[in-house]
Amino acid sequence: QVQLVESGGGLVQAGGSLRLSCAASGRTFSSGAMGWFRQAPGKEREFVAVVSRSGGSTRYADSVKGRFTISRDNAKNTVYLQMNSLKPEDTAVYFCVARDGPTLYVTPTEYDYWGQGTQVTVST
């Protein structure tokens with residue numbers, strides 16, 4: 001079993017930056033892909049970014065490509081999401097996810113473990 005705890009959310013003005021962190025515990029951290037999803041009020045949960053076990057491969061949603069960067073530090077059992085040039089439409093609850101396998105899926109049902117979520121609010 002894996003436990004995921006997100007931190008780093010908050011309120012920021014449009015154009016600003018935030019860095020989300022996700023600390024993992026409970027079993028071998030480096031076993032599979034890890035990533036982020038988000039959910040805005042009244043909308044379905046959507047894929048944001050995912051990183052491979054080694055950190056060498058990543059995938060991003062088109063809406064965040066060029067603005068967000070995902071990375072992981074297996075020595076610290078932590079995955080990060082650096083968010084730059086934030087827009088009001090980035091406002092959502094951001095969830096950290098992990099899976100036991102290596103494939104970088106974009107579908108939420110493929111992820112075995114979920115954090116509780118952290119709120120990100122971008123004001124105009």
Side-chain angles (χ1 to χ4, degrees):
Q1 194 74 2
V2 174
Q3 290 81 44
L4 304 173
V5 179
E6 303 96 336
S7 61
L11 174 64
V12 64
Q13 287 190 329
S17 298
L18 282 175
R19 188 175 81 154
L20 304 183
S21 299
C22 173
S25 62
R27 59 169 291 213
T28 304
F29 172 80
S30 60
S31 62
M34 296 191 68
W36 296 88
F37 283 73
R38 67 186 181 186
Q39 188 166 21
K43 295 188 177 181
E44 294 194 354
R45 201 163 289 191
E46 65 171 350
F47 168 75
V48 176
V50 62
V51 61
S52 63
R53 180 173 74 177
S54 69
S57 296
T58 57
R59 290 183 72 177
Y60 294 93
D62 287 343
S63 59
V64 308
K65 205 170 293 183
R67 299 188 298 122
F68 291 10
T69 302
I70 189 170
S71 61
R72 66 191 289 172
D73 184 339
N74 290 337
K76 296 183 178 180
N77 294 347
T78 301
V79 63
Y80 305 97
L81 186 68
Q82 178 67 44
M83 305 185 294
N84 298 328
S85 302
L86 282 161
K87 305 175 181 179
E89 51 263 44
D90 294 318
T91 295
V93 177
Y94 283 70
F95 297 91
C96 178
V97 298
R99 61 186 310 273
D100 294 322
T103 306
L104 306 187
Y105 287 112
V106 301
T107 307
T109 54
E110 296 292 346
Y111 288 84
D112 305 299
Y113 310 104
W114 289 74
Q116 294 294 315
T118 185
Q119 177 71 46
V120 171
T121 303
V122 184
S123 64
T124 56

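Note that the coordinates shown come from a computational prediction; the quantities given were computed from them, not determined experimentally. Numbering starts at 1 and runs along the sequence shown.
Ring orientation note: the planes of Phe37 and Trp114 are tilted relative to one another, at an angle of 30° to 60°.
Residues Tyr60 and Val106 have side chains not in contact (no heavy-atom distance under 4.5 Å, counting atoms from C-beta outward). A heavy-atom distance below 4.5 Å is not found between the side chains of Val97 and Pro108.
Put simply, CE on Met83 and CZ on Arg19 are 11.5 Å apart, with the number rounded to the nearest 0.5 Å. One distance of note links CD1 of Ile70 with CG of Leu104; it measures 9.0 Å at 0.5 Å rounding. The line from CZ of Phe68 to OG1 of Thr58 is 14.0 Å long, rounded to the nearest 0.5 Å. Distance check, rounded to the nearest 0.5 Å: CZ of Arg72 to OG of Ser21 gives 14.0 Å. Here the CG-OG1 distance, from Leu20 to Thr78, works out to 12.5 Å after rounding to the nearest 0.5 Å.
Residue Asp112 comes nearest to Asp100 through the heavy atom pair OD2-N, 2.9 Å, listed as atom of the first residue, atom of the second, then distance. Val120 and Gly9 get closest at one heavy-atom pair: CG2-CA, 4.2 Å. Ala98 approaches Leu4 most closely through the heavy-atom pair N-CD1, 3.8 Å. Considering every non-hydrogen atom in both Ala24 and Val2, the closest pair reads CB-CG1, 4.3 Å. The two residues Asp90 and Arg67 have their closest heavy-atom pair at OD2-NH1, 2.7 Å. Contact record, Gln82 with Ser17: NE2-CB, 4.0 Å, taken as the closest heavy-atom pair.
Under a cut-off of 6.0 angstrom, the local environment of CD in Glu89 is crowded, with over 12 non-hydrogen atoms contributed by other residues, nucleotides or ligands. The environment of Gln116 atom CD is sparse: at most 12 non-hydrogen atoms of other residues, nucleotides or ligands sit within 6.0 angstrom.
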field: Thr103 and Glu110: CA distance, side-chain angles, deciding distance, side chain to side chain contact (heavy atoms under 4.5 Å, CB included) verdict
entry: CA-CA 9 Å; Thr103 306; Glu110 296 292 346; over 6 Å; no

Chi angles and distances behind the side chain to side chain contact (heavy atoms under 4.5 Å, CB included) call for Tyr113, Gln1: CA-CA 8 Å; Tyr113 310 104; Gln1 194 74 2; 3.9 Å; yes

- prompt: Stepwise, does the side chain to side chain contact (heavy atoms under 4.5 Å, CB included) test hold for Arg38 with Ser63?
  reply: CA-CA 12 Å; Arg38 67 186 181 186; Ser63 59; 3.5 Å; yes

task: Mind running side chain to side chain contact (heavy atoms under 4.5 Å, CB included) on Tyr94 and Glu6 for me, showing each step along the way?
output: CA-CA 8 Å; Tyr94 283 70; Glu6 303 96 336; over 6 Å; no

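If you chain together hydrophobic residues whose side chains sit under 4.5 Å apart, Phe47 and Met34 never meet in one group. Val48 and Tyr80 are members of different hydrophobic clusters when ILVMFWY side chains are connected at heavy-atom separations under 4.5 Å. At a threshold of 4.5 Å between side-chain heavy atoms, the hydrophobic network of Ile, Leu, Val, Met, Phe, Trp and Tyr places Val50 and Leu81 in two separate groups.
A side-chain donor-acceptor contact under 3.5 Å links Tyr111 to the backbone of Tyr105. Of the possible donor and acceptor atoms, one in the side chain of Thr91 sits under 3.5 Å from a partner among the backbone N and O of Val122.
Cation-pi check for Arg45 over Phe95 is met; the charged atom lies under 6.0 angstrom from the ring centroid and within 45 degrees of its normal.
The salt bridge (Lys or Arg N to Asp or Glu O under 4.0 Å) check on Lys65 picks up Asp62, with sequence neighbours excluded.
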